[in-house]
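This structure is a prediction, so every number in the text was calculated from the model and none was measured. Just so it is clear, the values below take in all heavy atoms, side chains as well, and ignore hydrogens, waters and symmetry mates.
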Amino acid sequence: MVRTMSLLRALLRASRMIRHAPRLAEGLPPDDAVLLDAPDDRIAPALVAAALGEYEPAAKLLATTRDAAEWESRDRYVMRLAYFAHSRGDWLSSWLATAPRDPDALTVKAELAVRRAWESPARAERLREIGPLIDAAAEATPGDPVPWRIALDHARGTHASHTAFGTLWEQAVRRSPHHYGCHVAALRYLSAQWYGSHRECFDFAEQAAADALPGSLVQALPVRAAFARLEDGTPAAGPLEDERTDAAATRAVALSAAYPAGDLWPAEVRNLTAYVLVRRGRWEEALEQFRLIGPCATSFPWNRFSEDPLDHFLDARGGVRIQVASMTPLRTGTRESGRAAH
């Protein structure tokens, strides 16, 4: 009898998946339409030009963000351009040769140097060597928080003390109190993986989110703390951490709902939120996040678990759809209600 009931449950689950999986694909772009780390309309022309060895569009874009104090966009574009220069840097070399003191070129140069140093087996030593590059970028753009975000990432790799890190943090928030990139850098420093603990990480993230402006991505900082806790792989500390993880995911879901579907701006936050929801078994909410993500997959967090983050994203999305389908009753809606009435 027990074996028969197990077989019946398996058959019922399979029937639900077959019946509902196609319907639950509505709102999800096909696999071949999903792009990884798609550039927005402002950075795309600069990347195309850089591929041709031309730096002028990148220079104009970063100068625009600096003049308009668009610090969040500027930080994203600096990181994206440095990432591109990591493999194709002739355009950046030409820029620096033409304008060696250009504040925007110096900022990209500092970001690239930190990125390369982090990949070195002699990370701490390499990072200490490039400190003057970050100082030069900060001095060239006194009111810009982006060099200070770079300095925070740099400090984490050089084993800076809490006091030294705090001094850098004060300089960063003085320039932009709610800068998302600086907050993420601080959160990483406070994580259990580095120099803090899960409790410190959550405390910092929750307070920052409570102080954040409406619609600010800083409101999603707790879900990054939740991810750090889940990624750590250690046994759960108890119900309190589970509660904080679920509350972080709920806050991130609310933030995600404030942006249009398929919007590139909150794409990474949505990808991260989907992952945390999956880990917490909140399948229907995770499926909704995948619908809101649309074609905008991001490397983080999927690259933490696979060398092919896009494939991992698609597998996770497909798995969530199957989970939701298997949980959906075979008969739904008015037909089932009408049958029950008889």
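In the model, E119 has a side-chain atom that pairs as donor or acceptor with a side-chain atom of H86 under 3.5 Å. Remark: the T298 side chain and the D37 side chain contain no N/O donor-acceptor pair separated by less than 3.5 Å. In this model, no donor atom of one side chain and acceptor atom of the other lie less than 3.5 Å apart for D203 and Q207. In this structure, a donor-acceptor pair under 3.5 Å is present between the side chains of R270 and S256.
Using bins of under 30°, 30° to 60° and over 60° for the plane-to-plane angle, the ring pair W194/W118 lands in the perpendicular bin. Taking the six-membered ring for Trp and thresholds of 30 and 60 degrees, Y189 and F165 have nearly parallel ring planes, at less than 30 degrees apart.
Counting non-hydrogen atoms of neighbouring residues, nucleotides and ligands closer than 6.0 angstrom, the CD atom of E284 reaches no more than 12 such neighbours. Within 6.0 Å of CG in D67 there are more than 12 heavy atoms belonging to other residues, nucleotides or ligands. The environment of OH in Y83 is sparse: at most 12 heavy-atom neighbours from other residues, nucleotides or ligands sit within 6.0 Å. Other residues, nucleotides and ligands contribute more than 12 heavy atoms inside 6.0 Å of the CD atom of E56.
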**Prompt:** Checking salt bridge (charged side-chain N to carboxylate O under 4.0 Å, His left out) for the pair E139/R101: CA distance, chi angles, key distance, verdict?
**Reply:** CA-CA 10 Å; E139 291 169 3; R101 297 183 180 180; over 6 Å; no
**Request:** Would you check, one step at a time, whether the test side chain to side chain contact (heavy atoms under 4.5 Å, CB included) holds for L36 with W302?
**Result:** CA-CA 11 Å; L36 187 69; W302 316 106; 5.7 Å; no
**Asked** Does the salt bridge (charged side-chain N to carboxylate O under 4.0 Å, His left out) test come out yes or no for R229 and D242, once each step is laid out?
**Response** CA-CA 10 Å; R229 173 239 168 160; D242 285 340; 2.8 Å; yes
**Message:** Before you tell me yes or no, could you show the steps for D144 and R74 under salt bridge (charged side-chain N to carboxylate O under 4.0 Å, His left out), namely the whole-Å CA-CA distance, both residues' side-chain angles and the distance that decides it to 0.1 Å?
**Reply:** CA-CA 9 Å; D144 182 359; R74 178 177 176 79; 2.7 Å; yes
**Request:** Mind running salt bridge (charged side-chain N to carboxylate O under 4.0 Å, His left out) on R115 and D153 for me, showing each step along the way?
**Result:** CA-CA 9 Å; R115 184 181 295 271; D153 287 337; over 6 Å; no
**Asked** Taking it one step at a time, do V173 and H179 satisfy side chain to side chain contact (heavy atoms under 4.5 Å, CB included)?
**Response** CA-CA 7 Å; V173 296; H179 188 267; over 6 Å; no
**Message:** Does L310 form a side chain to side chain contact (heavy atoms under 4.5 Å, CB included) with D308? I'd like the steps, not just the answer.
**Reply:** CA-CA 6 Å; L310 179 57; D308 188 345; 3.9 Å; yes
**Request:** Please report the C-alpha distance between Q171 and L168 in whole Å, then the side-chain angles of each, then the deciding distance to 0.1 Å, and finally whether the side chain to side chain contact (heavy atoms under 4.5 Å, CB included) criterion is met.
**Result:** CA-CA 5 Å; Q171 292 292 331; L168 294 174; 5.7 Å; no
**Message:** Determine whether R66 and T141 satisfy the following criterion, side chain to side chain donor-acceptor pair (under 3.5 Å), listing intermediate values before the conclusion.
**Reply:** CA-CA 8 Å; R66 174 166 45 85; T141 55; over 6 Å; no
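Between F313 and F290, the ring center distance clears the sub-6.0 Å criterion.
Scanning both residues, A151 and I134, for their nearest heavy atoms gives CB-CG2, 3.9 Å. Nearest heavy atom pair, residue R291 against residue A261, reads O-CB, 4.5 Å. Between A46 and P57, the closest heavy-atom pair is CA-CB, 3.9 Å. Annotation for S299 and P309: closest pair O-CB, 3.8 Å, computed over non-hydrogen atoms. L81 and L62 make their closest contact through CD1-CD1, 3.8 Å (heavy atoms, listed as atom of the first residue, atom of the second, distance). Between L255 and L217, the shortest heavy-atom contact is CD2-CA, 4.1 Å.
W71 pairs by the ring-ring contact (aromatic ring centres under 6.0 Å, His included) definition with nothing, not counting sequence neighbours. Remark: F300 engages F227 in a ring-ring contact (aromatic ring centres under 6.0 Å, His included) (not counting sequence neighbours).
Side-chain atoms of I130 and L133, non-hydrogen and from C-beta on, do get closer than 4.5 Å to each other. Looking at R244 and R199, their side chains come closer than 4.5 Å, going by heavy atoms from C-beta outward. You'll find the side chain of W265 reaches within 4.5 Å of the side chain of S73, heavy atoms only. A heavy-atom distance below 4.5 Å is found between the side chains of R282 and T250. Considering only heavy atoms from C-beta on, H198 stays 4.5 Å or farther from Q193 through its side chain. No side-chain heavy atom of E288 sits less than 4.5 Å from a side-chain heavy atom of V253. Residues W283 and R321 form no side-chain contact, since every pair of their non-hydrogen atoms from C-beta on lies 4.5 Å or further apart. Counting heavy atoms from C-beta on, the side chains of Y55 and L92 never come closer than 4.5 Å.
To the nearest 0.5 Å, atoms CG (L264) and SG (C296) are separated by 4.0 Å. Taken from CG in D263 to CD1 in I293, the straight-line distance is 12.0 Å, to the nearest 0.5 Å.
In summary, E231 and R279 do not engage in a salt bridge, as defined by a charged side-chain N under 4.0 Å from a carboxylate O. Salt bridge present: E268 and R224 bring a charged side-chain N and a carboxylate O closer than 4.0 Å.
M79 is not connected to L112 by any chain of hydrophobic side-chain contacts under 4.5 Å among Ile, Leu, Val, Met, Phe, Trp and Tyr, and they are in different clusters. By the criterion of side-chain heavy atoms lying less than 4.5 angstrom apart, applied directly or through intervening Ile, Leu, Val, Met, Phe, Trp or Tyr residues, Y180 is not grouped with V223; the two fall into different hydrophobic clusters. Residue V48 is not grouped with residue V108 when hydrophobic side chains (ILVMFWY) are merged at heavy-atom distances under 4.5 angstrom, including chains of intermediate members. Residues L221 and L152 share a hydrophobic cluster, clusters being chains of Ile/Leu/Val/Met/Phe/Trp/Tyr side chains in contact below 4.5 Å. Linking Ile, Leu, Val, Met, Phe, Trp and Tyr residues whenever their side-chain heavy atoms come within less than 4.5 Å leaves Y259 and Y275 in two separate clusters.
Checked by atom type and distance alone, the side chain of H178 never pairs as donor or acceptor with a backbone atom of S216 at under 3.5 Å. Looking only at distances, a side-chain donor or acceptor of T158 sits under 3.5 Å from a matching main-chain atom of A155.
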